[in-house]
2 protein chains.
Amino acid sequence: MAGWLTFQSKYDINLKHTFQIYTTFADIMARNVEFDEDRAIQKAMEVFWRKGYGGASMRDLTDAMQINASSLYNTIGDKHQLFIKCITNYVHTRMEETLAHSSKIKSPIKAVIGLINDCVNTILYSDNHCLAIKTTFELASTDPDIKVLLKQDSDFTHGFLLKLIQQAIELKEITSDTDAETLTSFILSAFTGWHESYIIHHDPVRIKKMAKYLITQISQ
Amino acid sequence: MAGWLTFQSKYDINLKHTFQIYTTFADIMARNVEFDEDRAIQKAMEVFWRKGYGGASMRDLTDAMQINASSLYNTIGDKHQLFIKCITNYVHTRMEETLAHSSKIKSPIKAVIGLINDCVNTILYSDNHCLAIKTTFELASTDPDIKVLLKQDSDFTHGFLLKLIQQAIELKEITSDTDAETLTSFILSAFTGWHESYIIHHDPVRIKKMAKYLITQISQ
DNA sequence: ATTAATCTGAAATGTTTGTTTTAAAATTAG
DNA sequence: CTAATTTTAAAACAAACATTTCAGATTAAT
C-alpha cells in the first residue's frame with residue numbers, strides 16, 4: 001500500500017497517456033498487438049448475443065475474447081465502444097450476406113421467396129437469436145448511437161427488398177393493390193414476429209406455416 | 001463497530017426469520033403493511049418497462065415504489081420475485097382487457113379488426129413498449145420461470161383470437177385457404193414486428209398502412 | 001396500559017460492476 | 001547489446017449492485 005499516487009507518479013501517468021495517444025500510429029512501434037481484433041470482436045458478439053448488453057459483464061467478455069481487460073481498453077475502448085463495434089460488425093456482415101445472395105437471383109419474386117426462406121432457416125437452425133432485434137428492444141429506445149446503427153441496418157434491408165418487390169410488380173410476378181413500400185415493411189416486420197414466436201413456442205411447423213402463408217399472400 | 005454478529009444475535013435473527021415465515025398469515029397481526037402493494041407493483045412495472053430487467057436497479061425500483069428496500073424484501077421478496085409479480089400483473093391485466101373487449105362484439109371479423117386497431121393504437125399512443133415482447137427478447141431464452149409466464153400469456157391471446165377467427169370462417173366472413181391456427185399466429189406475430197418498426201422508425205403512417213394491408217388480406 | 005409482534009428507515013453487508021494502475025515481459029530500432 | 005516504447009497480466013480501484021441487519025417506531029390484541 002505504498003504511496004504510488006504521489007504528484008510525481010500522477011504526472012508521469014498523464015505524460016505517458018498523452019504520449020500514447022499521439023504515437024499510436026507513429027513510425028516507431030515497439031510491439032504489435034498480439035490478439036486478432038476481428039476474432040475478438042466475433043467472440044464478444046457471441047456473448048452479447050447470448051446475454052444482452054446489460055447482462056454481459058466485462059469479465060464474461062474478456063474471458064470469451066481471451067484477452068486481458070487492459071488490452072481491451074487500450075485497443076478497442078470501453079464496454080459501449082466494444083458493443084458498437086460488435087453491432088457494426090454484425091450489421092455489415094448481414095449486408096454482405098444479403099448482397100451476396102442478390103448475385104444469384106433468377107427472378108425478383110424468387111429472390112423475395114428465397115429471402116423469406118433464409119429468414120426461416122436462421123430462426124430454426126441458428127441458436128443465437130437475431131442480435132439486431134434483441135438490441136432494438138433492449139437499447140434502441142434509450143441509446144441514440146445504437147439506434148442510428150440499427151436504423152441504418154433496417155433501412156438497408158428495406159431498400160434491398162423494396163427493389164426486388166418493385167421489380168416483381170413491374171414484371172407482374174406480384175399483382176398487389178398495396179404499394180411496394182408497405183409490402184416491404186410488412187414482410188420485414190413479420191420476420192421479427194417469427195423470431196419472438198420461436199423463442200416462446202419452439203415450434204418449427206408454426207414458423208414454416210406462417211412463412212408459407214406469407215409467400216402465398218404476396219405472390220397471390 | 002460493536003460485535004453484533006455474536007452467536008446470540010445470530011441465533012435471534014434466525015429465530016425471527018423462521019418465525020416470520022410461519023406467522024405471515026397468523027391470527028395475531030401486530031401491524032399491517034403500510035404501502036399499497038398493487039400500486040407499488042404498478043410503479044415497479046413502469047420502471048421495468050422503461051429500463052428492462054437488467055437495466056433497472058433496486059434503487060430505481062424502491063424510489064419509484066416509494067418504499068424502503070427492507071419493506072420490499074419483507075413483503076414481495078427479491079428483484080426476481082418482484083419482476084415475476086410485475087409480469088404476472090401485466091399479463092393478467094392484458095387478459096382482462098381482452099375479455100372486456102369480447103363482451104361488446106358485433107361480429108367475429110369486426111372483433112378481429114378491432115383487435116388489430118387496438119394494437120396499432122397501443123404502439124402509437126402508449127409511450128411504453130409492450131413489456132411482454134421486451135421481456136421475451138431479454139429473458140425468455142435464459143429464464144424458465146419468465147418463459148412459462150410469457151407462454152401462458154401468448155397461449156391465452158392465441159386461444160382468444162383463434163376462436164374469433166374460427167367463428168369468422170364459419171360465418172364465411174373470412175374465406176381463407178389457410179387454417180385458423182396459422183392465421184392466428186400470423187396476425188399476432190405481425191404485432192411484434194410493428195412494435196419493432198415503430199421503435200426504429202417512429203413512423204405512424206407505416207404502422208397504419210401495415211395494419212390496413214393485414215386487414216384487407218385476412219378479410220379478402 | 002401493557003405486551004408482543006411487525007413494519008420501517010438508515011446504515012452496513014459482501015459481491016460484482018466497469019475501469020485503471022503497476023510492473024514486468026516483449027519487441028523493434030539504432 | 002542497449003535504449004526506447006508498447007503490450008500484457010494481475011491486482012487494485014471506486015462505484016454500484018442486490019441484499020441484510022437492527023434499532024426504533026408503530027400497531028393489534030389482551
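Letters A, B, ... are given to chains in the order of the sequence lines, protein chains preceding strands, and every chain is numbered from 1. Keep in mind that the numbers below use all heavy atoms, side chains included, and drop hydrogens, waters and symmetry copies. This structure is a prediction, so every number in the text was calculated from the model and none was measured.
Side-chain contact of B:Thr182 with B:Asp179: a donor-acceptor pair under 3.5 Å is present, judged by distance alone.
When the P atom of D:dA9 is taken as reference, atom CE of A:Met65 falls 13 Å away, rounded to whole Å. When the C1' atom of D:dA23 is taken as reference, atom CG of B:Asn68 falls 13 Å away, rounded to whole Å. Taking atom CG of A:Leu72 as the reference point, atom P of D:dT7 lies 14 Å away to the nearest angstrom. Whole-Å rounding puts the A:Asp63 CG to C:dT17 C1' distance at 14 Å. In this structure, B:Asn74 places its CG atom 12 Å from P of C:dG9, rounding to the nearest Å. The separation between B:Phe83 atom CZ and D:dA18 atom P is 14 Å, rounded to whole Å. Going from atom CD1 of A:Ile67 over to atom C1' of D:dT8 covers 10 Å, rounded to whole Å. In this structure, A:Tyr53 places its OH atom 12 Å from C1' of C:dT17, rounding to the nearest Å.
In this structure, the salt bridge (Lys or Arg N to Asp or Glu O under 4.0 Å) partners of A:Lys51, at least two apart in sequence or on a different chain, are A:Asp60.
Each of A:Arg59 and A:Ser70 was matched to the nucleotide of DNA chain C holding its nearest heavy atom; the match closer to the 5' end belongs to A:Arg59.
Checked by distance alone, B:Ser57 brings no side-chain donor or acceptor within 3.5 Å of a matching partner on the base of D:dA16.
Overall, the helix from C:dA1-D:dT30 to C:dT17-D:dA14 carries an axis bend of 20° between its ends, with five pairs at each end and the value rounded to 10°.
Using a 4.0 Å cut-off between charged nitrogen and carboxylate oxygen, A:Asp143 and A:Lys147 do not count as a salt-bridge pair. The existence of a salt bridge linking A:Asp63 and A:Arg59 is excluded, since no basic side-chain nitrogen approaches an acidic carboxylate oxygen closer than 4.0 Å.
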Donor-acceptor contacts, no H, no angles, side chain residues 184-196 of chain B, under 3.5 Å, sequence neighbours left out:
| unit_1 | atom_1 | unit_2 | atom_2 | d |
| --- | --- | --- | --- | --- |
| B:Thr184 | OG1 | B:Ala180 | O | 2.7 |
| B:Ser185 | OG | B:Glu181 | O | 3.3 |
| B:Ser189 | OG | B:Ser185 | O | 3.2 |
| B:Ser189 | OG | B:Phe186 | O | 3.3 |
| B:Thr192 | OG1 | A:Glu196 | OE1 | 2.5 |
| B:His195 | ND1 | B:Phe191 | O | 3.3 |
| B:Glu196 | OE1 | A:Thr192 | OG1 | 2.5 |

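With a 4.5 Å cut-off on side-chain heavy atoms, B:Ile76 and B:Met65 count as touching.
Side-chain N or O atoms of A:Gln81 include one that pairs as donor or acceptor with a backbone N or O of A:Asp78 at under 3.5 Å.
In this structure, of C:dT20, C:dG9, D:dA9, it is C:dT20 that holds the atom nearest to the side chain of A:Ala69.
OP1 or OP2 of C:dT19 has at least one side-chain nitrogen or oxygen of A:Tyr73 nearer than 4.0 Å.
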